[in-house]
Engineer: 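This is the structure, below, for whatever I ask next.
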Amino acid sequence: MAIRNIRELGDDILRKHCREVREVTPKIQELIDDMYDTMYEAMGVGLAAPQVGILKRIVVIDTDGHPYTMINPRILETAGEQDGSEGCLSVPGKAGNVKRPNYVKAEAYDENMERYEVEAEGLLARAICHELDHLDGKLYVDLVEGELYDVETGDDEE
C-alpha cells in the first residue's frame with residue numbers, strides 16, 4: 001500500500017467524468033487500498049479516485065470508524081437540508097459554506113462487486129454527496145455560498 005499524490009484545484013483531471021468499474025482487478029484493489037492510506041494520512045473523511053489521478057467511479061469514505069468502499073455509486077434518494085462548512089483534500093487550507101441534503105440513500109458495489117445500499121444523515125450524507133460529485137467533475141467550490149475562507153490544515157504539527 002502507498003500514499004498517492006492528491007490532485008489539487010486547477011488540475012484538469014478533477015473536472016472530468018469518471019468511467020464505471022466493470023470488475024475489481026488486483027490493480028483496482030491496490031488503488032482502493034492506496035486511497036484509504038492516502039485519505040487517512042491526509043486526515044480526510046473521504047476521497048474519490050480522480051483526486052489521486054484515476055478516472056474510475058470509486059470513492060472511499062470513513063466519517064466514524066466505519067469505512068465505506070463505494071464502486072459505481074449513485075444516489076437513490078435525498079431529503080431535508082443541512083447547511084455547513086465543507087472542505088476538500090483537493091483544496092487544502094480552504095473551506096466554505098455548502099447546502100447539502102441531510103438524508104441520503106445511495107447504492108454502490110463493494111470490493112467483491114456485491115451491491116449494497118447505505119442510508120446516511122449528517123456528516124456521512126454530506127461526505128457521500130461531496131465524493132460522488134467528484135466522480136462527475138464537480139467540486140464543492142462550485143456550490144459554496146459566499147466566499148472560501150482559510151482553515152488550519154494541521155501541517156505545522158508534523
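None of the values given here were measured: they were computed from a predicted structure.
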Engineer: Between Leu143, Asp142, Leu139, which is the residue that forms a side-chain contact (heavy atoms from CB on, under 4.5 Å) with Asp133?
Structural biologist: Leu143
Engineer: Which value, rounded to the nearest 0.5 Å, describes the distance between Arg4 atom CZ and Glu41 atom CD?
Structural biologist: 15.0 Å
Engineer: Any side-chain heavy atom of Cys129 within less than 4.5 Å of one from Ile75?
Structural biologist: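 Side chain of Cys129 against side chain of Ile75, heavy atoms only: contact under 4.5 Å found.
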Engineer: Within a strict 4.5 Å, meaning less than it, do heavy atoms of the Leu31 and Val52 side chains meet?
Structural biologist: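 Counting from C-beta outward, Leu31 and Val52 do come under 4.5 Å.
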Engineer: Does Ile54 share a hydrophobic cluster with Leu135, counting links as ILVMFWY side-chain heavy atoms below 4.5 Å and allowing steps through other members?
Structural biologist: no
Engineer: Taking only Lys NZ, Arg NE, NH1 and NH2, and the carboxylate oxygens of Asp or Glu, determine whether Glu86 and Arg126 approach each other closer than 4.0 Å.
Structural biologist: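 Counted as a salt bridge, because a side-chain N and a carboxylate O are separated by less than 4.0 Å.
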Engineer: How close do Asp110 and Asn112 get, heavy atom to heavy atom, and via which atoms?
Structural biologist: OD1-N, 2.8 Å
Engineer: Look at the side-chain heavy atoms of Ile, Leu, Val, Met, Phe, Trp and Tyr, link any pair under 4.5 Å apart, and say whether Ile28 and Met113 land in one connected group.
Structural biologist: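 Ile28 clusters together with Met113.
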Engineer: Taking atom CD1 of Ile6 and atom OG of Ser90, what is their separation to the nearest 0.5 Å?
Structural biologist: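 Rounded to the nearest 0.5 Å, the CD1-OG separation comes to 6.5 Å.
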Engineer: Does Val60 share a hydrophobic cluster with Tyr140, counting links as ILVMFWY side-chain heavy atoms below 4.5 Å and allowing steps through other members?
Structural biologist: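 No, Val60 does not connect to Tyr140 through the hydrophobic network.
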Engineer: Below 4.5 Å, heavy atoms only, C-beta onward: do Val118 and Met70 meet side chain to side chain?
Structural biologist: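 A side-chain contact exists here, since the closest heavy-atom pair is under 4.5 Å.
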Engineer: Quick one: are Thr38 and Leu47 in side-chain contact, heavy atoms under 4.5 Å?
Structural biologist: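 Of all side-chain heavy-atom pairs linking Leu47 with Thr38, at least one is under 4.5 Å.
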Engineer: How about CG on Asn5, more than 12 heavy atoms from neighbouring residues, nucleotides or ligands closer than 6.0 Å, or not?
Structural biologist: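 Counting neighbours around CG of Asn5, 12 or fewer heavy atoms of other residues, nucleotides or ligands fall under 6.0 Å, so no.
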Engineer: Keeping the roles fixed (side chain from Asp11, backbone from Ile13), state whether a donor-acceptor pair exists under 3.5 Å.
Structural biologist: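 Answer holds: yes.
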Engineer: Would you say the side chain of Ile58 lies within less than 4.5 Å of the side chain of Tyr109, judging by non-hydrogen atoms?
Structural biologist: no
Engineer: Looking at every non-hydrogen atom in both residues, tell me the closest pair between Asp34 and Ala2 and how far apart they are.
Structural biologist: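 Taking every non-hydrogen atom into account, OD1-N, 2.8 Å.
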Engineer: Just say parallel, tilted or perpendicular for the rings of Tyr68 and His66, cut-offs at 30° and 60°.
Structural biologist: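 Rings of Tyr68 and His66: tilted, as their planes differ by 30° to 60°.
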Engineer: Rounded to the nearest 0.5 Å, how far does CZ of Arg15 lie from CZ of Arg7?
Structural biologist: 15.0 Å
Engineer: Restricting to salt bridge (charged side-chain N to carboxylate O under 4.0 Å, His left out), what partner residues turn up for Asp37, sequence neighbours left out?
Structural biologist: none
Engineer: Under 3.5 Å, is there a donor-acceptor pair between the side chain of Arg19 and the main chain of Arg57?
Structural biologist: no
Engineer: List the steps, then state whether side chain to side chain donor-acceptor pair (under 3.5 Å) holds for Thr69 with Tyr36.
Structural biologist: CA-CA 9 Å; Thr69 299; Tyr36 275 112; 2.8 Å; yes
Engineer: Where do Val45 and Met39 come nearest, in terms of heavy atoms and distance?
Structural biologist: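 Smallest heavy-atom distance, with atoms named: C-SD, 3.5 Å.
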Engineer: Please check this pair: side chain of Asn72 against backbone of Glu20, looking for a donor-acceptor N/O pair closer than 3.5 Å.
Structural biologist: no
Engineer: Measuring from His134:NE2 to Gln51:CD, what's the distance to the nearest 0.5 Å?
Structural biologist: 3.5 Å
Engineer: Do you know the tightest heavy-atom contact between Asn97 and Ser85?
Structural biologist: OD1-N, 4.0 Å
Engineer: Is the CZ atom of Arg22 crowded by more than 12 outside heavy atoms at less than 6.0 Å?
Structural biologist: no
Engineer: With heavy-atom distances below 4.5 Å as the criterion, would you say the side chains of Gln29 and Glu111 are in contact?
Structural biologist: yes
Engineer: Starting from Leu14, can I reach Val91 by hopping between I/L/V/M/F/W/Y residues whose side chains sit under 4.5 Å apart?
Structural biologist: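 Yes; Leu14 is reachable from Val91 via cluster members.
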Engineer: Residues two or more places apart in sequence or in another chain: which of them pass salt bridge (charged side-chain N to carboxylate O under 4.0 Å, His left out) with Glu145?
Structural biologist: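 Glu145 satisfies salt bridge (charged side-chain N to carboxylate O under 4.0 Å, His left out) with Lys99 once adjacent residues are dropped.
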Engineer: Please name the pair of heavy atoms, one in Gly87 and one in His130, separated by the smallest distance, quoted to 0.1 Å.
Structural biologist: O-CE1, 3.2 Å
Engineer: Indicate yes or no: does Glu107 engage Lys105 in a salt bridge with an N to O separation below 4.0 Å.
Structural biologist: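 Answer for the salt bridge query: no.
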Engineer: What are the two closest heavy atoms between Gly96 and Tyr149, and how far apart are they?
Structural biologist: CA-CE2, 3.7 Å
Engineer: Should Tyr116 and Val59 be counted in the same cluster of Ile, Leu, Val, Met, Phe, Trp and Tyr side chains packed under 4.5 Å apart?
Structural biologist: yes
Engineer: Just verifying a value: how many Å separate Ile128 CD1 and Glu119 CD, rounded to the nearest 0.5 Å?
Structural biologist: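 One gets 10.0 Å once the value is rounded to the nearest 0.5 Å.
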